[in-house]
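Structure record follows, encoded as structure tokens.
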Amino acid sequence: MDDVMFIAWAGTIVEYVDERYGRAAAWLAALMMLIVFVALITGLIWWFSR
């Protein structure tokens, strides 16, 4: 999954959560997506630096 696809997928989920559960839940979902993205990048850097 490339970065553009991840961002589009994350944006779709955040929009859905915003419509269904409200703005606070959308912010929480966006924060969770950011944490997942950072964890993926950190994991890749760690993996290739071994």
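Treat the numbers as computed from the prediction; the structure is a model and nothing was measured. For the numbers below, each heavy atom of this structure counts, side chains included, while hydrogens, waters and symmetry mates do not.
Pairs engaging residues 21-38 under the side chain to side chain donor-acceptor pair (under 3.5 Å) rule: D18-R23 [sequence neighbours left out]. Legend: side chain to side chain donor-acceptor pair (under 3.5 Å) pairs involving residues 29-50, not counting sequence neighbours: none detected.
The only option from L34, V36, I41 that meets the side-chain contact (heavy atoms from CB on, under 4.5 Å) definition with V38 turns out to be L34.
In this structure, L31 belongs to a hydrophobic cluster whose other members, linked by side-chain heavy atoms under 4.5 Å apart, are I35. Grouping Ile, Leu, Val, Met, Phe, Trp and Tyr residues whose side-chain heavy atoms lie under 4.5 Å apart, directly or via other members, places M32 in a hydrophobic cluster with L28.
F48 and L40 sit in two unconnected hydrophobic clusters of ILVMFWY residues. Membership requires side-chain heavy atoms under 4.5 Å apart, directly or through other members.
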